[in-house]
Structure formats: structure tokens, C-alpha cells
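Here is the naming used below: chain letters follow the sequence lines, and residue numbers restart at 1 for every chain.
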Amino acid sequence: MAEVAGFPDWDGDIAAARALQVELAARVVVRDDYRQPLRTIAGFDVGFEDDGATTRAAAVLLDADSGQVLASEVARIPTRMPYIPGLLSFRELPALLLALERLPQAPDLAFVDGHGIAHPRGLGIAAHFGVATGLPSIGVAKKTLVGSGSEPHQMRGAYTPLRHEGAQLGWVLRSKVNCNPLVVSPGHRVSMASSADLVMRFTGKYRLPEPTRLADRLASRRDEGRG
DNA sequence: GCGACAG
DNA sequence: ATCTTGTCGC
């Protein structure tokens with residue numbers, strides 16, 4: 001199987017892709033192992049152009065203390081595989097890795113749009129990103145993929161555990177009042193307990209935490225007016 | 001067999 | 001994800 005940038009080319013073999021996920025998931029570290037205090041953080045997200053023919057990834061590096069944007073990068077590459085629930089990372093990660101490379105420096109912690117370990121085989125895009133880069137990461141998703149949790153209290157910052165098959169995979173977090181909760185899960189080198197706290201620590205007046213919110217704007221098609 | 005299914 | 005303006009509600 002040929003590959004590009006360390007990634008296997010998509011050959012339609014779903015079973016093989018799932019088997020690879022199981023292997024990679026075994027390398028995920030779910031415990032706090034990142035620089036403290038954090039100096040820099042970064043948000044990552046992906047969008048599509050040309051009716052999906054082009055994948056556009058955005059990376060935004062921020063100062064962890066001031067929240068100031070230190071750098072922003074956008075990377076475009078030809079889309080190589082369709083969206084298949086559960087196999088999202090194989091479709092979006094190549095572009096994200098390119099955007100990361102273009103940042104002047106790697107962040108101490110990465111916030112990735114999508115799930116961390118809250119995935120059927122424990123390897124959502126944030127976890128895959130973490131294992132692939134070795135960087136600490138957290139998954140911030142807008143919807144659930146697997147598992148369920150009770151409705152968190154209406155207060156901002158309230159959260160309830162996301163459970164699946166008897167285990168906790170993440171948190172259902174009310175990042176903002178009157179908004180649907182986010183689904184947060186550890187990606188790599190971040191503990192279950194810290195994942196929700198870290199997301200709230202970098203969430204301001206909007207539903208999404210700043211790193212992901214800014215990356216979302218750059219990756220989204222609506223941003224084509226600026227650069 | 002049927003429904004669900006990150007982005 | 002993406003196609004898309006105004007509009008109802010807190």
C-alpha cells in the first residue's frame with residue numbers, strides 16, 4: 001500500500017483502517033504529561049473547498065497566558081478519501097499535520113475539532129493527531145459519535161461524564177449558557193479529569209474554546225473573504 | 001434487518 | 001463538512 005506523508009493511501013479497505021486504529025489506540029496515553037505551566041496552545045480544524053476536492057486545514061498558535069495569537073497557518077491539499085464515520089482522521093489528519101509543520105513552533109497542547117478517545121476504537125482525530133505527532137491533545141466535538149451522558153446543568157462550566165460500554169470516554173460540557181454542550185475527550189497525554197478543565201480554561205464568551213474557534217474560522221469556507 | 005453515525 | 005437570510009428567543 002503506497003503512502004503520502006507517512007499516511008497510507010486510501011484503498012477502500014475499511015477493515016484494514018480499523019485494524020490500524022486499534023494498533024494506534026494502544027499507544028494513546030491518557031494521563032497528564034504536558035509542560036506546566038502551559039506556554040503555548042494551538043487550535044486545529046479542517047474545512048473543504050471545491051465541492052470537497054480540496055481539504056483545508058487551519059492551525060492557530062496562541063500564548064497560553066495572554067490568549068494572544070502568535071501565528072496562524074492554513075494548508076491545502078487534494079482530498080484523498082471520503083468521509084466515513086469512525087474513520088475521520090484518515091481523511092483529515094494529513095492536512096492538519098501540514099498546517100502544524102508550518103507553525104513557527106509546536107504548541108505545548110493542541111485542541112482539535114473532533115473527538116479524542118470518545119471513539120468506537122478509542123482513536124478519534126484528536127487522539128490520532130496526538131499519537132502521530134507526540135503532542136498532548138484534546139478533542140473538542142460538537143456532537144457525540146459514541147456513548148451518552150446526562151444533560152449537564154445549565155450553568156456555564158457544568159459537565160457530566162460521557163459513558164460507553166461501562167467506561168467513561170469523555171465529558172458533555174456546557175461551555176456556554178443556552179448553547180448545546182460540547183463533547184470533550186482526552187486526546188493524548190492529557191487525563192480525563194484535566195480535559196474538561198483545560199477546555200473551560202481557554203473558553204471565553206463563545207461556545208467553542210478560543211483555539212478551536214479561531215481555527216474553525218480559518219478552516220471554514222465562510223472565511224474566504226480574508227486570509 | 002433497522003437505525004446511528006465526529007467532520 | 002457544505003448549500004444559505006432572515007428570524008425567533010434568551
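Side chain of Q21(A) to main chain of G86(A): a donor-acceptor pair is present (N/O by atom type, distance under 3.5 Å, no hydrogens or angles). Q36(A) places no side-chain N or O within 3.5 Å of a backbone atom of L38(A) that could act as its donor or acceptor partner. Judged purely by atom type and a 3.5 angstrom limit, R174(A) uses its side chain to pair as donor or acceptor with the backbone of P152(A). Side-chain atoms of R91(A) come within 3.5 Å of backbone N or O of M81(A) as a donor-acceptor pair. Using modelled atom types, one side-chain atom of S175(A) and one backbone atom of R207(A) make a donor-acceptor pair closer than 3.5 Å. Under a 3.5 Å cut-off, the side chain of W171(A) and the backbone N or O of D197(A) do not form any donor-acceptor pair.
In this structure, D50(A) atom CG and dA1(C) atom P are separated by 17 Å, rounded to whole Å. For R91(A) and dT2(C), the CZ to C1' distance is 11 Å, given to the nearest whole Å.
With respect to the salt-bridge test (charged N to carboxylate O, under 4.0 angstrom), the residues R217(A) and D45(A) do not qualify.
Interface limits on DNA chain B: the 5'-most and 3'-most nucleotides within less than 4.0 Å of chain A heavy atoms are dC5(B) to dG7(B).
Nucleic acid contact for G52(A): none, since no nucleic acid atom lies under 4.0 Å from a heavy atom of the residue. Looking at heavy-atom distances under 4.0 Å, Y83(A) makes contact with a base. Within 4.0 Å (heavy atoms only), D45(A) reaches sugar-phosphate atoms of the nucleic acid but no base atom. Using a 4.0 Å heavy-atom distance criterion, L87(A) is classed as a base contact.
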Is there any protein nitrogen or oxygen under 3.5 Å from a nitrogen or oxygen in nucleotides 6-10 of chain C, and what are the pairs?
| residue | atom | partner | partner atom | Å |
| --- | --- | --- | --- | --- |
| dC10(C) | O3' | N178(A) | ND2 | 3.3 |

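Applying the side-chain hydrogen bond (donor to acceptor under 3.5 Å, both in side chains) test to residues at least two apart or on different chains, the pairs with a partner in residues 178-193 of chain A are D32(A)-S191(A), D33(A)-R189(A), S191(A)-S194(A).
Using cut-offs of 30° and 60° on the angle between ring planes, the pair F111(A) and F202(A) is perpendicular.
Put simply, OG1 on T79(A) and CG on D50(A) are 8.5 Å apart, with the number rounded to the nearest 0.5 Å.
Within residues 124-142 of chain A, the residues approaching DNA chain B are G124(A), I125(A), A141(A), K142(A), by heavy-atom distance under 4.0 Å.
A95(A) and I77(A) get closest at one heavy-atom pair: N-CD1, 3.5 Å.
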Notebook entry, point to check: If you write DNA chain B from 5' to 3' in dot-bracket form, with Watson-Crick or G-U pairs under 3.5 Å, [ ] for crossing pairs and | for pairs with another strand, what do you get?
Noted result: .......

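Scored by the side chain to side chain contact (heavy atoms under 4.5 Å, CB included) test, S148(A) finds no partners at all (sequence neighbours excluded).
In this structure the side chain of T203(A) reaches within 4.5 angstrom of the side chain of R156(A), judged on heavy atoms.
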